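The structure appears right after this line, and notes come after that.
Keep in mind the model is a prediction, meaning the values are calculated, not measured. Values below: every heavy atom of this structure, side chains too, minus hydrogens, waters and symmetry copies.
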Amino acid sequence: MLKGIAASDGIAAAKAYMLVQPDLSFSEASIDDPEAEIKRLEEAVNAAKDELKIIKEKAAANLGDEEAEVFEAHLTILSDPELMGNIKNKIKDEKVNAEQALKEVTDTFIALFEGMTDNAYMQERAGDIRDVTKRVLSHLLGVTLPNPALIDEEVVIIAHDLTPSDTAQLDRKYVKGFITDIGGRTSHSAIMSRTLEIPAIVGSGSATTTISEGQMVIIDGIEGNALVDPSKEELTSYADKAAAFAKQKAEWKELKDAKTVTADGKNFTLGANIGTPKDVEGANDNGAEAVGLFRSEFLYMDASELPSEDDQFEAYKQAVEGMEGRQVVVRTMDIGGDKELPYLPLPKEMNPFLGYRAIRISLDRQDIFRTQLRALLRASNYGQLAIMFPMIATVKEFKEAKAIFEEEKEKLVKKGVPVSDNIEVGMMMEIPAAAMIADKLAKYSDFFSIGTNDLIQYSMAADRGNERVAYLYQPYNPSILRLIKNVIDSSHKEGKWTGMCGEMAGDQIAVPILAGLGLDEFSMSATSILKTRSLLKKIDTTKMKELAEKATNDCETTEEVIELVKQYTK
């Protein structure tokens with residue numbers, strides 16, 4: 001039995017697929033037969049090409065032709081006569097083994113491309129050559145490289161961690177769930193698992209060293225447990241649990257078109273967090289009443305260069321049209337921290353989470369910011385669009401960002417470009433300093449959206465991705481609840497509204513407290529909406545106000561708050 005953090009609800013049983021990088025180390029060796037060594041190289045290159053063709057096909061089917069183009073670039077590199085010629089010449093002239101010749105020649109090319117600091121496109125080719133080298137080397141060494149795009153049977157992915165690009169390649173038809181060694185409920189892999197609607201356990205600590213390729217694994221994303229090599233009885237028991245969960249989901253599904261109203265008649269808005277316009281379908285399928293967070297940085301992360309104004313306009317337009325008049329709140333580019341762009345080099349910093357990121361980049365690189373704002377303004381004509389700025393720390397920052405927005409709006413109106421007159425402009429509330437002066441910011445901001453993932457890590461001085469301090473990620477700590485209360489109260493005094501788009505918004509322990517504190521909009525992974533609507537329909541907000549009062553004033557610890565919620569929601 002492995003215990004981790006329950007990241008995404010659901011139960012699955014399948015063979016383990018180890019998404020772990022193999023050892024590709026080798027020793028330099030002198031060879032007597034260069035022709036035989038060149039033949040060995042050619043066989044490895046051909047095997048790599050065959051593999052890449054399959055991967056390209058799968059990527060095109062799962063992700064689209066544009067995403068698959070990277071593999072076409074890899075095939076082109078393997079057919080480059082200059083690169084291959086240099087490797088073969090090194091084998092002939094220096095009588096070294098194919099592994100050493102491959103490494104030395106490709107290292108030269110990688111260094112050359114990485115040195116082209118004035119050409120982002122060419123710099124990116126260095127990464128492509130590195131990937132291709134690894135693939136050819138794996139065939140020379142007879143080692144299998146894991147590749148999620150090649151999976152063609154039901155599996156549970158076992159990995160140290162999963163990057164956004166790893167999770168983007170997962171085919172839900174075959175990937176039944178995943179387990180990682182590190183991460184928390186707010187890590188990107190956890191958030192993606194909820195978007196993909198597959199069960200997941202993160203932060204297990206030892207999945208990659210405990211589980212072997214092909215072993216049967218049961219994953220329980222409700223409790224956060226994984227069972228390796230289960231008995232027939234255990235498989236039957238978990239199958240019953242999975243059936244009960246499926247029945248529960250079917251009951252929640254009946255609430256898809258229902259309004260979110262509590263037992264005492266109070267209305268709330270339940271929104272979805274999305275990363276691309278394609279996610280709107282999932283939001284609608286799960287009964288979202290709004291999009292409370294469109295993470296626009298995914299448009300930048302999924303591109304090979306800064307997305308143009310027209311490309312962004314089409315994406316935002318598609319999202320607002322897809323929501324058919326319901327509000328879509330777009331967060332402007334939130335790059336930095338752990339979200340990097342290969343074509344936009346950022347300074348190396350001691351602590352990037354506290355550095356040059358989000359609105360700080362936008363205010364500094366106004367060319368990027370103004371392009372995004374123009375695209376958003378144009379899209380506002382096609383539905384109900386709102387804009388919010390991430391990582392605002394001071395009143396001055398918000399005023400500067402809002403002024404740039406007003407300038408771009410005025411320019412478009414003068415040109416006769418149709419722009420909505422009722423775009424709400426708000427801000428993320430994720431820095432404790434801003435939460436403490438929410439009363440001042442509420443005078444200028446049309447709304448607040450509380451980003452609890454960052455608000456908690458900054459308040460507790462604990463990196464949310466670091467398992468050693470994971471115990472300090474405490475959403476129910478009275479200190480966090482007091483900050484949230486101050487933000488909500490401050491907005492209401494100015495006649496404004498407050499939403500929440502952090503993972504806490506869909507947390508079943510937190511929801512009753514947040515309802516009692518008067519939160520107006522809860523925005524979460526689409527798969528959590530119906531479960532949350534079901535919970536809210538059962539609660540009485542008068543009773544929840546009493547709960548919130550006690551949680552913020554009388555409780556001293558997280559544990560006390562959890563116990564209090566249980567008492568009030570029996």
Quick one: do D454 and R357 make a salt bridge, cutoff under 4.0 Å?
-> yes
First locate atom CG of L472, then atom CG of N477, and finally report the distance between them rounded to the nearest 0.5 Å.
-> 9.0 Å
Pi-cation contact, F448 with K496 (under 6.0 Å, within 45°) | no
Neighbour count above 12 (heavy atom, 6.0 Å) for E556 CD | no
Decide if atom NZ of K545 counts as having more than 12 heavy atoms of other residues, nucleotides or ligands within a radius under 6.0 Å.
-> no
Might you confirm whether atom NZ of K411 has over 12 heavy atoms from other residues, nucleotides or ligands at distances under 6.0 Å?
-> yes
Indicate whether any N or O donor in one side chain lies under 3.5 Å from an N or O acceptor in the other, for S308 and D310.
-> no
Output the distance between atom CE (M391) and atom CG (D334), rounded to the nearest 0.5 Å.
-> 7.5 Å
Just how far is it from atom CG of D540 to atom OG1 of T569, taken to the nearest 0.5 Å?
-> 13.0 Å
Pairs involving residues 433-453, ordered by first then second residue, that meet salt bridge (charged side-chain N to carboxylate O under 4.0 Å, His left out) (sequence neighbours left out) = K443-E494
Taking 4.0 angstrom as the limit, do E400 and K396 come out as a salt bridge?
-> yes
Atom CD of E410: over 12 foreign heavy atoms under 6.0 Å | no
NZ of K249: more than 12 outside heavy atoms within 6.0 angstrom?
-> no
Between the CG atom in L517 and the CD atom in E549, the distance rounded to the nearest 0.5 Å is 9.0 Å
E297/R331 salt bridge by N-O under 4.0 Å criterion | yes
Can you tell which of F398, F447, Y444 makes a ring-ring contact (aromatic ring centres under 6.0 Å, His included) with F389?
-> F398
Does any non-hydrogen side-chain atom of L363 lie less than 4.5 Å from one of I404?
-> yes
Near K537 NZ, under 6.0 Å, is it more than 12 heavy atoms from other residues, nucleotides or ligands?
-> yes
Would you please say whether a donor-acceptor pair under 3.5 Å links the side chains of N284 and E281?
-> no
Does the side chain of V395 come within less than 4.5 Å of L441's, by heavy atoms?
-> yes
Q327 and E424 side chains, donor-acceptor separation under 3.5 Å | yes
State, with a plain yes or no, whether a side-chain heavy atom of T452 is found less than 4.5 Å away from one of P475.
-> no
Would you call K550 and D554 a salt bridge, taking side-chain N to carboxylate O under 4.0 Å as the test?
-> no
Would you call I359 and M427 a side-chain contact if the rule is heavy atoms closer than 4.5 Å?
-> no
No-hydrogen, no-angle side-chain donor-acceptor test under 3.5 Å, R533 and N286 = no
Could you tell me whether the side chain of L483 reaches within less than 4.5 Å of the side chain of M436, counting heavy atoms only?
-> yes
Taking the six-membered ring of F268, is NZ or CZ of K266 closer than 6.0 Å to its centre and within 45° of its axis?
-> yes
Evaluate the side-chain proximity of S479 to M460: yes if any heavy-atom separation is below 4.5 Å, no if none is.
-> yes
How many angstroms lie between CG in L519 and CD1 in I450, if you round to the nearest 0.5 Å?
-> 6.0 Å
